[in-house]
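Structure first, then comments.
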Amino acid sequence: MTPFIIPVQEPFDFQQCLIFLKRSKQEVMHVTTDESVRKLFYLGNRFVLVELKWDPEGIEVLLFEQDVSEEERIVIEREVRDWLDLDRDLQPFEQLAQQDDVLRPIFESYRGLRLIGFPDLFEALTWAIIGQQITLSFAYTLKRRFVEQYGESQTIEGVTYWTFPRPEVIATLEPEALRPLQFSYRKAEYICDIAREIVEGTLSKMALRQLPTEDIRKHLLQLRGVGEWTADYVLMKCFQEPSAFPVADAGLHQALMYHLGLSRKPTQEEVKRYGAQWEGWGGYATFYLWRSLYGNV
DNA sequence: GGCCAGGCTAGCA
DNA sequence: TGCTAGCATGGC
């Protein structure tokens with residue numbers, strides 16, 4: 001199938017997005033090169049490998065599959081737009097950043113970086129729960145084991161691409177099944193419970209996204225394993241809510257300590273007070289601050 | 001060896 | 001309503 005182009009709105013920088021996608025060598029959900037990223041999409045009945053590259057007209061999307069229908073093409077475009085937050089007008093955030101001593105230099109460094117997320121609700125919730133209270137590197141290790149054990153893969157041109165485990169598969173597991181992967185029993189329980197809710201239909205992104213942000217947040221908080229941090233994280237990364245602000249986040253605290261030149265980490269109250277000026281863009285501010293923590297990869 | 005990691009729940013006052 | 005132990009393990 002011939003490639004197609006997704007136009008983008010300024011500010012947008014494909015290289016900055018690519019650098020973010022390369023942040024962990026342990027990432028299994030996509031494969032990057034110097035100029036492209038490939039990701040396997042599951043379209044309900046088949047897999048399609050998708051490659052994204054920069055083109056002067058926008059993002060070039062190449063599909064490694066014959067006879068992709070127009071409906072499937074539209075689904076893939078939608079997924080890519082959600083994944084890279086392409087429908088966002090970032091200009092208000094740029095204006096806000098220019099008036100903020102912490103954000104100004106960070107925004108200039110990574111200008112055009114989008115809040116890259118997890119369009120799939122099960123993946124977003126699972127990744128957030130995995131990441132609770134452990135180092136990111138260990139979180140990636142756990143995710144890799146989980147995906148390689150329960151996800152599906154296709155090997156194309158000698159490279160293996162994975163899709164995230166489907167809730168239908170995880171819903172059939174007992175939490176004990178995840179213990180050998182070094183999940184804590186609690187996390188395993190939360191993840192299996194959430195998979196069951198999704199399969200049973202009591203938890204669905206399609207239903208939640210109809211609701212106001214505050215109501216989505218309340219629904220998420222009712223799930224075992226989901227506290228304030230996780231609810232805001234999932235609002236940011238799955239519902240693309242730019243104002244969702246995980247005030248308790250350890251990485252955010254570390255970044256603020258560094259950029260404000262503090263000798264200790266800020267308290268949650270101090271974070272709230274400082275973040276008040278990011279009204280509506282707390283999630284983007286947090287994302288850029290996280291980005292500032294891991295250098296230039 | 002101690003403490004912190006992109007926290008949350010259950011149990012107790 | 002507010003506080004804390006316990007969870008699991010890697011990395012500094």
Side-chain angles (χ1 to χ4, degrees), chain A residues 19-29 102 106 110 113 115-118 121 123-146 149 175-195 197 203 217-259 262-272 274-275 278 282-295 297:
Chain A
I19 290 169
F20 174 81
L21 290 168
K22 287 183 187 188
R23 73 196 180 287
S24 171
K25 291 186 172 59
Q26 298 209 73
E27 179 60 67
V28 281
M29 295 308 297
V102 167
I106 299 173
Y110 313 116
L113 170 66
L115 204 168
I116 296 172
F118 305 98
L121 180 59
E123 181 177 353
L125 279 164
T126 301
W127 173 235
I129 289 168
I130 286 175
Q132 290 169 1
Q133 189 56 26
I134 58 175
T135 58
L136 264 181
S137 70
F138 184 46
Y140 276 110
T141 301
L142 293 179
K143 179 168 90 164
R144 183 171 48 72
R145 290 175 185 157
F146 182 67
Q149 179 84 43
E176 286 82 1
L178 299 180
R179 288 289 298 134
L181 310 186
Q182 287 183 289
F183 281 61
S184 67
Y185 187 83
R186 273 286 168 71
K187 286 188 181 181
E189 239 178 6
Y190 301 154
I191 290 166
C192 292
D193 283 353
I194 284 170
E197 287 221 33
L203 176 62
R217 198 163 183 279
K218 281 181 197 154
H219 278 261
L220 294 174
L221 284 170
Q222 286 168 9
L223 300 168
R224 285 185 69 240
V226 176
E228 308 265 341
W229 178 86
T230 305
D232 285 324
Y233 182 87
V234 170
L235 279 170
M236 271 176 78
K237 301 275 281 188
C238 184
F239 291 88
Q240 294 169 290
E241 174 47 60
S243 67
F245 185 33
V247 284
D249 182 77
L252 174 64
H253 293 188
Q254 194 184 325
L256 277 176
M257 175 174 76
Y258 176 75
H259 292 291
L262 307 176
S263 56
R264 54 160 179 81
K265 289 193 150 194
T267 64
Q268 204 159 305
E269 279 311 307
E270 289 169 327
V271 175
K272 271 187 195 163
Y274 196 87
W278 303 331
Y284 252 93
T286 301
F287 191 72
Y288 269 70
L289 282 160
W290 283 342
R291 173 65 186 85
S292 75
L293 287 177
Y294 50 81
V297 182

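Just so you know, these numbers use all the heavy atoms, side chains as well, and skip hydrogens, waters and symmetry mates. Each chain gets a letter, A, B and so on, in the order the sequences are listed, and its residues count up from 1.
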| query | Reading DNA chain C 5' to 3', how would its secondary structure be written in dot-bracket notation, given Watson-Crick and G-U pairs with both distances under 3.5 Å, brackets [ ] for crossing pairs and | for partners on other strands? | reply | |||||||.||||
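For the pair R291(A) and Y288(A), the NZ or CZ position fails the cation-pi test of under 6.0 Å to the six-membered ring centre and within 45 degrees of the ring normal.
At whole-Å resolution of the value, OH in Y294(A) and P in dA5(B) are 18 Å apart. In this structure, L252(A) places its CG atom 15 Å from C1' of dA5(B), rounding to the nearest Å. Between K187(A) atom NZ and dG10(C) atom P the separation is 13 Å, expressed in whole Å. Atoms CD (Q26(A)) and C1' (dG11(C)) sit 13 Å apart, rounded to a whole Å. Per the geometry, CD belonging to Q133(A) stands 16 Å off P belonging to dT4(C), to the nearest Å. Distance CZ (F183(A)) to C1' (dC7(C)): 14 Å, rounded to an integer number of Å. The CG-P distance, from L178(A) to dA8(C), rounds to 12 Å in whole Å.
Between the side chain of H253(A) and the backbone N or O of V247(A), at least one donor-acceptor pair lies under 3.5 Å. Side chain of Y185(A) to backbone of P175(A): no donor-acceptor contact under 3.5 angstrom is found. With Q132(A) contributing its side chain and G225(A) its backbone, the two residues share a donor-acceptor pair below 3.5 Å.
Taking the P atoms as reference points, dG11(C) lies 23 Å from dC8(B), given to the whole Å. The same atom, P, is picked in dA8(C) and in dG11(B); the two are 15 Å apart, to the nearest Å.
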| task | Please step through salt bridge (Lys or Arg N to Asp or Glu O under 4.0 Å) for the pair E269(A) and K272(A), ending with a clear verdict. | result | CA-CA 5 Å; E269(A) 279 311 307; K272(A) 271 187 195 163; 3.8 Å; yes
| message | Test side chain to side chain donor-acceptor pair (under 3.5 Å) on Q26(A) and T141(A); report intermediate values, then the result. | response | CA-CA 7 Å; Q26(A) 298 209 73; T141(A) 301; 3.1 Å; yes
| Test side chain to side chain contact (heavy atoms under 4.5 Å, CB included) applied to R217(A) and E241(A), step by step | CA-CA 11 Å; R217(A) 198 163 183 279; E241(A) 174 47 60; over 6 Å; no
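Under 3.5 Å, the side chain of Q182(A) and the base of dA8(C) form no donor-acceptor pair of N or O atoms.
Atom CD1 of I191(A) is separated from atom CH2 of W127(A) by 11.0 Å, given to the nearest 0.5 angstrom.
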| note | Whether each nucleotide of nucleotides 8-13 of chain B has a protein heavy atom under 4.0 Å at its base (B), only at its sugar-phosphate (S) or at neither (-) is summarised, 5' to 3', as SSS---
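Checked against the 6.0 Å centroid criterion, the rings of Y274(A) and W278(A) qualify as a close aromatic pair.
Backbone-only contact: S184(A) has heavy atoms under 4.0 Å from sugar-phosphate atoms and none from a base.
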